[in-house]
Amino acid sequence: MVTNNLGNNLSLAIMNQDDPETVRTGAPAYLILVDSLIAGKPDDRATLIAAAHLYSAYTGLFVDDPERSQRLASRALDYAQRALCPRQPALCAQANGPYLDFLPALQGVGKRDIDALYTYALAWALWTRSHSDDWNAIANLPKLEALFEQVIALQGDYQQGDPWLYLGILRTLLPPATGGRPEQGRQAFEQAIALSDGHNLMAKVEYARCYARLVFDQALHDRLLGEVLAAPPQVPGRTLTNVLAQQEARQLLASSPDYF
């Protein structure tokens with residue numbers, strides 16, 4: 001129980017930090033700490049989930065080097081698989097198989113495994129992003145979308161709508177002419193914002209970046225980013241990402257006249 005609480009408390013402390021540079025420089029020590037906790041209890045599910053979240057958050061937010069990103073994303077995915085697969089072996093067995101075989105296994109996952117399922121989806125999404133030059137990795141994007149959809153099917157307001165944010169991103173990766181579904185992406189972003197009561201500032205940034213820029217809607221783009229900059233970033237569990245969202249909003253607004 002102590003190790004479980006430590007992993008969860010570490011994640012919460014990092015996400016409540018309002019100085020990103022402190023996290024950038026300090027988080028690697030905590031990654032090593034959770035590695036040591038898992039070495040002592042390699043099958044502790046709660047610690048594996050917490051570790052996968054920490055690795056995913058740190059890598060996704062702060063790691064730019066491609067090779068390092070791939071290594072850390074692989075560690076996050078390994079921990080997520082170890083948390084989920086012993087209870088859902090059929091799903092994990094189909095992870096690299098045909099999509100039509102993957103879906104029935106995914107639909108067999110129940111609410112008791114929702115935390116592990118969401119962690120697996122996050123880690124796999126990060127791993128896919130770090131391997132964006134690998135067409136085999138990109139081919140699994142429909143499975144990633146299905147994972148987040150299953151989390152939502154199990155609990156529509158899970159994590160105050162965070163799965164909807166990732167659905168929005170996935171559905172706006174491509175323009176309509178090449179298979180993208182920007183209007184479905186727009187709806188997903190709006191759900192993420194609504195379910196967080198507007199506190200998820202990163203959802204507004206991604207809505208502007210992924211949807212408004214895709215459809216060349218400058219008014220929506222600038223309005224969303226203006227709302228991000230006007231909002232107080234200190235929100236329990238979201239402060240770090242909100243501060244980073246405001247930094248990105250300034251950069252996107254500065255480039256808005258040239259983009260549109």
Side-chain angles (χ1 to χ4, degrees), residues 15-25 56-66 68-69 73 122 125-126 128-133 137-138 141 144-145 148 160-235 237-260:
M15 299 314 292
N16 284 334
Q17 175 60 246
D18 63 1
D19 181 23
E21 195 58 32
T22 296
V23 178
R24 184 190 302 274
T25 57
S56 296
Y58 174 74
T59 306
L61 294 173
F62 296 111
V63 179
D64 298 320
D65 177 75
R68 186 165 177 244
S69 178
L122 282 179
L126 176 67
T128 300
R129 191 185 77 173
S130 71
H131 291 77
S132 59
D133 58 347
I138 299 303
L141 287 177
L144 276 174
E145 188 171 345
F148 288 113
Q160 294 183 313
D162 283 352
W164 287 102
L165 167 59
Y166 294 100
L167 275 186
I169 294 171
L170 289 169
R171 290 171 176 174
T172 52
L173 286 175
L174 300 171
T178 54
R181 289 165 290 154
E183 287 309 306
Q184 291 185 26
R186 176 185 61 78
Q187 294 168 7
F189 285 126
E190 291 181 352
Q191 276 286 87
I193 294 166
L195 289 170
S196 72
D197 292 327
H199 295 313
N200 187 344
L201 302 187
M202 192 62 78
K204 291 188 176 184
V205 168
E206 295 298 347
Y207 188 5
R209 186 198 338 258
C210 298
Y211 175 81
R213 289 197 168 206
L214 181 65
V215 300
F216 291 95
D217 188 338
Q218 184 176 7
L220 174 63
H221 177 272
D222 292 356
R223 174 178 65 79
L224 287 166
L225 298 178
E227 290 174 359
V228 169
L229 294 177
Q234 288 80 11
V235 176
R238 297 194 185 275
T239 299
L240 175 64
T241 54
N242 281 350
V243 171
L244 291 169
Q246 290 183 328
Q247 292 179 2
E248 293 189 33
R250 292 186 186 96
Q251 295 171 359
L252 289 170
L253 274 176
S255 65
S256 179
D258 294 331
Y259 186 88
F260 292 99

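All values derive from a computational prediction rather than experimental measurement.
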Inset, instruction - Return the set of residues passing salt bridge (charged side-chain N to carboxylate O under 4.0 Å, His left out) with R223 (not counting sequence neighbours), or none when no residue passes. - result: E227

Inset, instruction - Write down the atom of A192, the atom of A203, and the distance for their closest heavy-atom approach. - result: CB-CB, 4.2 Å

Inset, instruction - State, with a plain yes or no, whether a side-chain heavy atom of S255 is found less than 4.5 Å away from one of R213. - result: yes

Inset, instruction - Please examine the side chains of F216 and Y259, heavy atoms only from C-beta on, and report whether any two atoms are closer than 4.5 Å. - result: yes

Inset, instruction - Indicate yes or no: at least one non-hydrogen side-chain atom of L240 is less than 4.5 angstrom from one of D18. - result: no

Inset, instruction - Given side chain to side chain contact (heavy atoms under 4.5 Å, CB included), test E248 with L225 step by step and report yes or no. - result: CA-CA 9 Å; E248 293 189 33; L225 298 178; over 6 Å; no

Inset, instruction - Just grab all the salt bridge (charged side-chain N to carboxylate O under 4.0 Å, His left out) pairs involving residues 161-178, residues at least two apart or on different chains. - result: E145-R171, E149-R171, D162-R238

Legend entry - Smallest separation among heavy atoms of A254 and P257, with atom names: O-CD, 3.6 Å

Inset, instruction - Begin with the C-alpha distance, continue with both residues' side-chain angles, and end with the deciding distance and a verdict on side chain to side chain contact (heavy atoms under 4.5 Å, CB included) for L144 and Y166. - result: CA-CA 9 Å; L144 276 174; Y166 294 100; over 6 Å; no

Legend entry - Criterion side chain to side chain contact (heavy atoms under 4.5 Å, CB included) on L229 and R250, from CA distance to verdict: CA-CA 8 Å; L229 294 177; R250 292 186 186 96; 3.6 Å; yes

Inset, instruction - Mind listing the closest non-hydrogen atom pair of A208 and H221 along with its distance? - result: O-CD2, 3.5 Å

Legend entry - Backbone of N242 reached by a side-chain donor or acceptor of Q234 within 3.5 Å: no

Legend entry - Rounded distance [0.5 Å steps], CD in E190 versus OH in Y211: 8.0 Å

Inset, instruction - Please round to the nearest 0.5 Å and tell me the distance separating atom OG of S56 and atom CZ of R129. - result: 10.0 Å

Legend entry - Qualifying residue, where the test is side chain to side chain contact (heavy atoms under 4.5 Å, CB included) with Y207 and the options are I169, L224, T172: L224

Inset, instruction - Give, for atom CG of D217 and atom CZ of R186, the distance between the pair rounded to the nearest 0.5 Å. - result: 10.5 Å

Legend entry - Separation of L126 CG from H131 NE2 (nearest 0.5 Å): 10.0 Å

Inset, instruction - Check whether any side-chain heavy atom of D64 lies under 4.5 Å from a side-chain heavy atom of S69, and answer yes or no. - result: no

Inset, instruction - Check whether any side-chain heavy atom of L167 sits under 4.5 Å from a side-chain heavy atom of W164, and report yes or no. - result: yes

Inset, instruction - Kindly give the heavy-atom pair with the smallest separation between Q218 and F260, and that separation in Å. - result: OE1-CB, 3.5 Å

Inset, instruction - State the OG-CG distance between S130 and D65, to the nearest 0.5 angstrom. - result: 11.5 Å

Legend entry - L201 vs T241 side-chain heavy atoms within contact, under 4.5 Å: no

Inset, instruction - Heavy atoms only: give me the nearest P176-P182 pair and the separation to one decimal. - result: CG-CG, 3.5 Å

Legend entry - Donor on one side chain, acceptor on other, Q17 and T239, under 3.5 Å: no

Inset, instruction - Decide yes or no for Q160 and N200: does some side-chain heavy atom of the first lie under 4.5 Å from some side-chain heavy atom of the second? - result: no

Legend entry - Any side-chain heavy-atom pair of P20 and Q247 under 4.5 Å: yes

Legend entry - Which atom of L244 lies closest to which atom of F62, heavy atoms considered: CD1-CZ, 4.2 Å

Legend entry - From E206 atom CD to I193 atom CD1, the distance as rounded to the nearest 0.5 Å: 11.0 Å

